[in-house]
Amino acid sequence: MSKMQRDFLNDAKEAEAAPPPALTNSFSAVDGDCPEKKSLSDNEPKLVASSPGSKEHSSIFYSTTDDLSEVTSVDLTISEKSSTDFIVIETSKCTVEPKENDSESLEDGVSIKKDSSESGEIVKPEKVQKMVRLQSNENMSDNVNLPKAMSLKPCPSVGTSLEIYDYVMRSNGGGGENNGAAMMEEAWERLKKSYVYFKGKPVGTFAAMDPMAEALNYNQVFVRDFVPTGLACLMRDPAEPEIVKNFLLKTLHLQGWEKRIDNFTLGEGVMPASFKVLSNSHQQKETLIADFGGSAIGRVAPVDSGFWWIILLRSYTKCTGDYTLAERPEVQRGMKLILNLCLSDGFDTFPTLLCADGCSMIDRRMGIYGYPIEIQALFYFALRCARQMLKPERDGKELIERIDKRITALSYHIQKYYWLDFTQLNNIYRYKTEEYSHTAVNKFNVIPDSIPDWVFDFMPLRGGYLIGNVSPARMDFRWFLVGNCIAILSSLATPAQATAIMDLIEERWEDLIGEMPLKISYPALEGHEWRIGTGYDPKNTRWSYHNGGSWPVLLWLLAAASIKTGRPQIAKRAIELVEQRLSKDGWPEYYDGKTGRYVGKQARKYQTWSIAGYLVAKMMVENPSNLLMISLEEDKKIAKPKLTRSASF
Ligand code: GLC
């Protein structure tokens, strides 16, 4: 093991041992509280550190033991010499041999190893094991046009101006390392400027700070938009958890409001979509105003807000080790109210959650009413996070039992019925219809003729994904990025499915990443489908906004998913693309066009989550152990559906 690798292992152990608020051993404090701690951590490979290395070479360190006594290093070498790309994965397993008395006990009884330089422990490579050569990324390097510094060809109509633009891009760094550092600096500055204060304390961030556009509701703090900001603050070194805590408590307070729309009252657990601070300078008074969907376009309550709130609460607890926040009675109550909304008995025959269109990040009609994957994945993620944080006292035990049952049912349903790859597509294509009784194969009576033509071309032999929606006689075959990445992060997707999703992203790089990461949905609804699906929405025209537009904020989700699946090079390539344009374009909210080339028709500039998403992606690539704040290991207790798998597995 090289010195650099040793240093990283030592760093990782120091990080584990350091007191909060850094990434600490109390990192597992929440897990420690959790009755299912064992199943969550036992023998699961954990990412403990990474060496950023160079673009061509980097290392990741995994451990299957809590005390990091056994660490496996994975060297990723991307060779770009020939037309066939290889990733050389070199694995070496190291055993840290403890000397006597080399461990210290921490308050919560977790034993950690002392720094090796102090204790003189021997880090001994057990065997320098295998060199696996994977033929991979053919599509990324050969078929995909990924300009290093985007070279624009002058065309007669614009002539030299494009050359100048090209020159400016190159001389500004065009995505190089310097540009990355400068962008990080700029991003932090802009993020700070977007802070919203209430009674002198930061409680969130404006959605956008575009001096050239009408504010509308972009001067509010959106719950979903704040998540990447919150993560950026937690991942920063040193962490800045205060704003996250304030945000969590303020939104919790707002949850307690009575929510009325016309004469109808919403469920107690509903979290706001957004809030703003009203200042009356005359009376020197500040008040909060929240929107629970009553002011939103389409008057839809945000189903995702409560889930994101629970997920961020876990990230906060993981990062800081401050689990007193999650344990507060009002916080426990807030979690329970959110979950009660989703776990109540009804007429459902599916474990998925029935939703109105426009109840999530895609907050306008886009034909996703029913059981959209984004909400189902967030639901699952929130259930598992809450499962770690809920205390079994009083009614808690019964709720935990309901959560366990739902986790099992939901993962079975999604893994089995939402999964689409080449084999499964072929199965559906050959479905018989009108089948009755329990022996039915085509359970939802999907008519094969309803499979859109584009899927047959889009589906690679290698790869697969969770489709957009499943309900009686309906499968929405569209790709939605958020749902798929959240499914990976929460381990809703099986490891094999997670790998196949990343395969698909590589295989369909041009469609899903294009020139500016990252397509929110694919493909766009056009013509008649657009008229029916969006209700003639002029903002969601084809390849724009939610309808096949490209959203830079999604970079952090891609980065997290690619690191979790051991494919950090995907994140790096996407970041390179972002670094070529995002700052120069003024951090737009979204891009339009099939490849995402154009700044979106109505995109705000200086959109806060575009800025925060970039920061989070960078910090995860630079220090993959940050992933632990937003990722869950596979829950081995959950029964797995039997699937016919395609060759992609
Ligand atoms: C748009 C987006 C929504 C986001 C909001 C604020 O409405 O669709 O997801 O939360 O802007 O940025």
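The first residue of the sequence shown is numbered 1, and numbering continues consecutively from there. Just follow the structure's listing: the first ligand is 1, and inside any ligand the first atom is 1.
Ring orientation note: the planes of Tyr465 and Trp479 are nearly perpendicular, at an angle over 60° on the 30°/60° scale.
Side-chain atoms of Ser544 never come within 3.5 Å of backbone atoms of Thr541 as a donor-acceptor pair (strictly under, hydrogens ignored). Side chain of Asn280 to backbone of Lys285: no donor-acceptor contact under 3.5 angstrom is found.
Contact between Cys319 and Met629 at its shortest, heavy atoms only, is CB-SD, 3.7 Å.
Within the 4.5 Å cutoff, side-chain heavy atoms of Val331 are placed close to those of Leu313.
Near ligand 1, Ala207, Tyr218, Phe222, Arg224, Asp225, Met361, Asp363, Tyr545, His546, Glu589, Gln607, Trp609 each place a heavy atom less than 4.0 angstrom from the ligand.
Under a 4.0 Å N-O distance rule, the pair Arg190/Glu186 qualifies as a salt bridge.
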